[in-house]
Structures are given as C-alpha cells and as structure tokens.
Amino acid sequence: QVQLVESGGGLVQAGGSLRLSCAASGRTVSTYTMGWFRQAPGKEREFVAAIRSGDSTLYADSVKGRFTISRDNAKNTVYLQMNSLRPEDTAVYYCAADPTDLSITYTSIAGRYDYWGQGTQVTVSS
C-alpha cells in the first residue's frame, strides 16, 4: 500500500505562485507514474500533470507553461510548482500514484491510478 499526503495549498492572489508537495510512504514511488488532478466545486476531477518513471512529463493544456511537475526520489516526494496562478485554478488538488509506467494515453485518466491523497485546497483570488 502507498499513502500519499499533499501539502502546500493555500490562498494566493492571481499571478502568484504555490508549490504543492505529495509525500509518499509505504513504498518507494521512484518508478511509479505520479499525477496531479484537481476538482473545482460542481465540476469533475480533471487532469493537471503527470510524471512517468523515466521522468517524462505531461500537462493539461490549461496549465502548460505555468505549472511544473517534478520528483525527488530521495525524499519519495513529488512536487507541483504552480506559477502565474489564475482564479480558474482554484480547486482541491489531489496527488495520485500508479505502480505501472502508464502510457501517455492513460496518464491523464484518473481511473488508471491506484492510490490517492486526501487533497489540498488551492484558492486564487482575483
């Protein structure tokens, strides 16, 4: 089993930055596909970014060029650096993990991930 704990959320003004962390325990996740998803009130959970076992990355078009996903294998932690935040980025952000090296086709599909964190709230004020 893998436990995931997100942190780093909060309230920020538009144009600001936040860095989310996802600390994993129970297993080493260096070879896992790790993803970030978000869910705004009244909306479905949507893909934000993912990093595969070879450290290739994938981003939703809405965050490309503003967000960066990375991992620190020594800390068993994945990060999401979020810059130039917009009010529409407001959501609960979830970290997800899958023990397989998901193909690019599947990295954006929430149902493909086996493990999830509890989420951290990000609020961007205008």
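Judged by distance alone, the side chain of Tyr113 and the main-chain N or O of Ser108 form no donor-acceptor pair under 3.5 Å. With Glu6 contributing its side chain and Cys95 its backbone, the two residues share a donor-acceptor pair below 3.5 Å. Panel note: side chain Thr120, backbone Gly9; a donor-acceptor pair is recorded below 3.5 Å. The closest donor-acceptor contact from the side chain of Tyr59 to the backbone of Ile69 lies under 3.5 Å.
With 3.5 Å as the limit, one finds no donor-acceptor pair spanning the side chains of Asp72 and Thr77.
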Atom pairs and distances, donor-acceptor, side-chain atoms in residues 32-39, under 3.5 Å, two or more places apart:
from, atom 1, to, atom 2, distance (Å)
Thr33, OG1, Thr100, O, 2.8
Thr33, OG1, Leu102, N, 2.9
Arg38, NE, Glu46, OE2, 2.6
Arg38, NH1, Asp89, OD1, 2.9
Arg38, NH1, Tyr93, OH, 2.9
Arg38, NH2, Glu46, OE2, 3.1
Gln39, NE2, Lys43, O, 3.1

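Residue Gln121 qualifies as enclosed at atom CD: its count of foreign heavy atoms under 6.0 Å is above 12. Around the CZ atom of Arg45, the shell of radius 6.0 Å holds more than 12 heavy atoms that belong to other residues, nucleotides or ligands.
Across every non-hydrogen atom of Ile104 and Leu58, the tightest pair is O-CD2, 4.0 Å. Between Ile51 and Arg71, the shortest heavy-atom distance links the atoms O-NH2, 3.3 Å. Between Ser126 and Ala14, the shortest heavy-atom contact is CA-CB, 4.4 Å. The shortest heavy-atom contact between Arg66 and Ser84 is NH1-O, 2.9 Å. Contact record, Ser25 with Asn76: N-ND2, 4.3 Å, taken as the closest heavy-atom pair. Annotation for Val63 and Val48: closest pair CG2-O, 3.5 Å, computed over non-hydrogen atoms.
Leu11 and Val92 sit in two unconnected hydrophobic clusters of ILVMFWY residues. Membership requires side-chain heavy atoms under 4.5 Å apart, directly or through other members. Side-chain heavy atoms closer than 4.5 Å link hydrophobic residues (I, L, V, M, F, W, Y) into clusters, and following such links, possibly through other members, connects Phe47 to Tyr106. Residue Val78 is grouped with residue Phe67 when hydrophobic side chains (ILVMFWY) are merged at heavy-atom distances under 4.5 angstrom, including chains of intermediate members.
The structure places CZ of Arg19 at 9.0 Å from OG of Ser7, a figure rounded to the nearest 0.5 Å. One finds the OG atom of Ser17 at 8.5 Å from the CE atom of Met82 (value rounded to the nearest 0.5 Å).
Under the side-chain contact (heavy atoms from CB on, under 4.5 Å) test applied with Leu80, the options Leu18, Leu20, Val122 reduce to a single match, Leu20.
Sorted by first and then second residue, the salt bridge (Lys or Arg N to Asp or Glu O under 4.0 Å) pairs involving residues 90-108 (not counting sequence neighbours) are Arg52-Asp101.
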